[in-house]
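For reference, the structure discussed in these notes is given below.
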Amino acid sequence: MRCVTVAAMQQSLFPDGHIPSEQNKQSGGGNSISRQDLNDAQYEAVTSTEGPLLVIAGAGSGKTRTLVYRVAHLIDMGVAPENILLLTFTRKAAQEMLWRAGLLVDSSCQQVTGGTFHAIANMLLRRYGHHLGYSPNFTILDRSDAEGIINLLKSSLSLSGAGKRFPSKRVIINMISKSVNKSVPIDDLLYDEFSHLEEFADDIFTLKDHYKHFKFEHGLMDYDDLLVNWRRVLQESTDVRREVSERFAYIMVDEYQDTNPIQAEIVRLLAYNHNNVMVVGDDSQSIYSFRGADFRNIMDFPDIFPDTKIIKLEENYRSTQPILSLTNDIIARAGEKFTKALFTRVEGGVKPIVYGGRDASEESRYIVSKIQKLQEEGSALREIAVLFRSGFHSYKLEIDLTANQIPFEKRGGLKLTESAHTKDVLSYFRVHVNPDDNLSWNRILLLIDKIGPKTAQKILGIIRSADDPFDALRDYPAAPGWKQGLNQLSELFASLKDPGISLLEQFEILLKYYEPIFERIYYDDYPKRRKDLDQLKTIFEGYSDLQSFVADTALDPPEIETVEFDESDRLILSTVHSAKGLEWDTVFVINLADGRFPLAHILPGDEMEEERRLLYVAATRARHNLYLTYPLEVMSADRRFTRTKLSPFLADVTPGLYDSTGTSGYSFSTGIPDSPIAYKQRPVIPVKKEKSINTSLMQKGTNVRHPFFGEGQVERVVSDKTVDVMFDKHGLKTLHLDYARLEII
DNA sequence: ATCGCCACCGTTTTT
DNA sequence: CGGTGGCGAT
């Protein structure tokens with residue numbers, strides 16, 4: 001049996017173990033970086049057991065391999081695997097890295113700890129969160145929890161003062177819903193909506209405080225809280241900081257350009273004892289700014305960790321020269337960046353092909369026929385990928401692929417823990433483990449027929465004030481319509497409490513109760529959903545106590561061990577974001593029409609720059625064949641067809657770097673001068689010129705006042721119009737002076 | 001007042 | 001597909 005470390009396996013965080021022998025390690029095959037790929041100084045830096053290290057590398061240049069190489073090397077030097085912490089972008093990436101490093105170890109489960117920042121935060125906060133007063137039973141919110149939160153909030157939110165005037169309760173509820181769904185901090189939303197209403201600033205603070213306390217009291221954390229609280233624990237408890245820093249003597253971070261300032265701070269705090277940090281990243285592949293990622297973290301790294309050794313990798317091992325020439329040309333037109341001219345020794349290759357179809361159907365047909373041709377030529381489907389900007393861009397293609405019996409796997413869909421039925425099952429267990437989990441109570445009460453939000457609220461009110469919630473549930477004066485449903489729920493918990501039954505029996509008992517509900521609620525598609533429940537059961541079987549099962553599934557379920565390498569030969573459909581770090585022989589990037597990629601509502605400036613990098617990431621996934629396709633007609637929101645043209649990113653490219661093809665009769669190569677803007681008109685941003693000032697009057701330390709954030713000091717002048725300000729009450733904000741009414745005081 | 005069902009609309013990206 | 005709003009039933 002093989003073990004892979006994933007952060008979710010909480011019980012193995014601090015295992016006793018031994019160092020794996022050389023023979024336990026598998027070679028990463030042709031993917032291993034070799035001594036020859038690095039010059040002497042680079043090799044020395046990568047294999048040194050000391051000091052901070054920054055690897056800046058282009059797409060396909062082996063940055064992850066370099067990181068893995070160092071992990072393997074450290075272990076060879078006698079560093080115990082459990083003293084190494086790998087922070088990666090997705091958990092899958094962590095597993096893949098460990099696999100490559102040969103750190104899959106037989107039965108002993110000697111492990112390198114690895115995972116996402118959030119997964120590690122989840123794990124460590126449950127262990128150390130009591131330093132901030134957090135119970136180890138906290139719940140992590142995802143977008144499907146908004147409804148439940150609001151139901152809880154409605155009963156607790158009295159909104160005295162704030163609610164009677166503007167903003168209305170309705171507006172507030174909507175805003176909190178948006179905050180949870182989009183994972184946007186409530187501060188930012190309040191600021192966006194109400195910064196013009198200075199007289200309500202106090203009300204908004206009250207509301208914000210209320211929401212913060214509400215989350216704390218209910219043990220709820222959204223994704224941001226997870227990081228913020230984890231940083232606080234490290235900042236405020238020297239004991240924890242020392243213990244963790246000693247435990248993780250080597251810290252590795254992949255895709256560092258996608259970290260946000262909080263994550264960068266966490267890295268610094270984690271390494272407080274030793275500075276043994278290696279980060280790897282590429283500023284040209286920074287595509288997560290919407291989530292707060294800032295590629296300046298890479299630039300700032302050497303300042304935060306003095307004596308950083310910097311390694312620049314400029315050779316590309318992935319793509320042929322024609323593909324590289326095109327991708328280099330695309331990224332060369334970007335604004336701020338480290339300049340890296342990538343070159344390759346991979347010889348030959350064909351030029352990328354740009355295809356314009358009449359509409360989405362024709363585009364889709366072209367792709368299907370190309371895929372069929374590639375198959376005939378002997379390509380495996382798993383070596384082909386279709387990438388797109390947004391999830392729904394592939395709908396048409398999915399239909400055509402199904403019709404042509406081409407199997408495919410769509411990446412970036414709903415995760416197991418996000419699907420409603422999985423959340424249902426987990427909620428019963430959560431309540432069983434922690435009767436104070438009101439969010440889960442709310443959920444399972446709503447599942448009973450004839451109980452809606454209002455009734456659930458009433459029952460919850462009684463349960464919460466009772467000494468024993470389960471007794472209160474049993475004795476609740478139910479109305480005839482749902483009396484039986486409530487009794488059955490009560491009986492369920494009574495049976496689960498029986499100390500004589502095993503964990504697996506508990507699962508069976510629960511399923512027996514849940515089954516009828518399941519079939520009633522998901523009557524149209526429950527056979528499909530049942531597979532997820534089976535999968536959940538398999539995961540459940542790997543646990544010896546309910547507590548760790550609940551903790552581990554709070555964020556993401558541990559993956560079921562697959563004994564064999566995945567043999568299924570399927571085409572990959574993926575958003576560009578989910579394709580990060582992966583590569584295929586043939587890549588199709590579809591829907592490259594103006595308004596689809598970049599999306600219609602993207603504004604010129606930083607957003608547009610990120611779209612460009614996104615295309616760069618997409619196109620650099622290809623090893624040998626790159627197809628860029630677009631429709632000349634798209635269906636807009638009002639279901640009308642409108643003509644469009646090639647994405648400006650491709651229209652700009654130096655001529656000759658790709659071959660054009662497409663439907664005859666359409667002059668796609670010359671562009672369509674008279675085509676109207678297809679979908680939304682770009683909003684005109686009102687610029688308040690009269691009050692705008694510029695940064696020439698400011699420097700670090702200048703005292704400023706903002707109508708919403710209050711007083712603060714300038715932290716950094718970023719450009720002539722933007723400035724970072726540390727506000728006394730609201731922390732660090734980046735402000736644009738054309739929009740923010742900042743006063744110097 | 002509350003619940004459940006049906007029809008309709010618009011889709012960024014994700015830990 | 002998921003969130004929302006209207007409407008009939010209880």
Side-chain angles (χ1 to χ4, degrees), chain A residues 7-8 87-94 115-122 140-144 146-147 150-151 170 173-174 177-178 181-184 221-227 230 255 258-260 262-263 286-293 387-395 398 410-415 417-420 445-458 479-482 485 520-525 528 554-556 574-580 591 595-603 607 610-611 613-615 617-618 634-639 679-680:
Chain A
L87 290 163
T88 57
F89 200 66
T90 62
R91 209 184 47 202
K92 215 172 166 186
T116 62
F117 277 88
H118 292 84
I120 303 289
N122 177 37
I140 298 166
L141 305 174
D142 66 44
R143 37 189 175 269
S144 54
E147 195 190 330
I150 284 157
N151 204 23
R170 176 85 200 139
I173 299 287
N174 275 342
S177 165
K178 194 172 161 196
N181 283 324
K182 305 273 178 186
S183 191
V184 178
M221 285 195 208
D222 55 35
Y223 280 111
D224 278 324
D225 295 330
L226 218 45
L227 294 180
W230 176 227
E255 307 283 13
D258 288 324
T259 55
N260 63 33
I262 299 172
Q263 291 167 322
S286 163
I287 54 174
Y288 280 98
S289 69
F290 67 89
R291 222 166 58 187
L387 308 182
F388 32 86
R389 176 66 178 88
S390 310
F392 69 96
H393 288 172
S394 65
Y395 287 172
E398 285 169 42
K410 190 168 174 181
R411 297 269 171 89
L414 221 60
K415 284 185 300 185
T417 38
E418 280 182 346
S419 56
L445 288 172
L446 285 175
L447 290 174
I448 297 172
D449 198 15
K450 308 281 181 245
I451 294 185
K454 282 288 172 191
T455 314
Q457 237 178 59
K458 278 186 221 155
W482 39 273
R520 171 170 58 85
I521 304 182
Y522 309 109
Y523 58 93
D524 50 346
D525 64 346
K528 268 186 200 166
L555 194 58
D556 213 7
S574 171
T575 60
V576 181
H577 285 90
S578 303
K580 172 151 229 188
N591 238 313
R596 299 302 205 112
F597 198 153
L599 289 166
H601 61 83
I602 294 291
L603 304 168
E607 286 188 9
E610 181 145 325
E611 294 288 300
R613 291 194 296 270
L614 205 50
L615 176 60
V617 169
V634 294
M635 192 167 71
S636 47
D638 55 6
R639 269 186 252 126
Y679 5 97
K680 268 185 224 163

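Lettering of chains follows the sequences in order, A, B, ..., and the numbering in each one begins at 1.
For A:Arg291, the listed nucleotide lying nearest its side chain is B:dT14; candidates were B:dG4, B:dT11, B:dT14. Proximity note for A:His577 (side chain, C-beta onward) versus B:dT13, B:dC3, B:dT15: the nearest is B:dT13. Side-chain atoms of A:Arg389 lie closest to B:dT13 of the nucleotides B:dT13, B:dT15, B:dC3.
Between the C1' atom of B:dC3 and the CH2 atom of A:Trp482 lies a distance of 12 Å, rounded to the nearest Å. Counting to the nearest Å, the P atom of B:dG10 and the CZ atom of A:Phe392 are 12 Å from each other. We find that CZ of A:Phe597 is positioned 19 Å from P of B:dT11, with the value rounded to whole Å. Between the C1' atom of B:dT11 and the NE2 atom of A:His601 lies a distance of 9 Å, rounded to the nearest Å. Rounded to whole angstrom, the span from the CG atom of A:Asn260 across to the C1' atom of B:dT13 amounts to 16 Å. A:Tyr395 places its OH atom 7 Å from the C1' atom of B:dT11, with the value rounded to the nearest Å. The distance from atom CD1 of A:Ile521 to atom P of B:dG4 is 10 Å, rounded to the nearest whole Å. Rounded to whole angstrom, the span from the CG atom of A:Asn591 across to the P atom of B:dT13 amounts to 13 Å.
If you check every strand for non-hydrogen atoms under 4.0 Å, A:Phe117 touches nothing. Residue A:Leu614 is out of contact with every strand shown, counting any heavy-atom pair closer than 4.0 Å. A:Gly391 comes within 4.0 angstrom of the backbone, heavy atoms only, and of no base.
Mapping A:Asp449 and A:His118 onto DNA chain B by nearest heavy atom places A:Asp449 closer to the 5' end of the strand.
Side chains of A:Leu226 and A:Phe117 form no contact here, defined as non-hydrogen atoms less than 4.5 Å apart.
Between A:Phe290 and B:dT13, a base-stacking contact is recorded: ring centres under 5.5 Å apart, planes less than 30° from parallel.
Judged purely by atom type and a 3.5 angstrom limit, A:Arg291 has no side-chain atom pairing as donor or acceptor with the backbone of A:Thr259.
Under the side chain to side chain donor-acceptor pair (under 3.5 Å) criterion, A:His393 pairs with A:Arg596, not counting sequence neighbours.
Using cut-offs of 30° and 60° on the angle between ring planes, the pair A:Phe290 and A:His577 is perpendicular.
An OP1 or OP2 oxygen of B:dT12 is reached within less than 4.0 angstrom by no side-chain nitrogen or oxygen of A:Thr575. Considering only side-chain N and O atoms, A:Ser578 lies nowhere under 4.0 angstrom from the phosphate OP1 or OP2 of B:dT13.
A:Lys410 and A:Ser574 are not linked by any side-chain donor-acceptor pair at a separation below 3.5 angstrom, with hydrogens and angles left out of the test.
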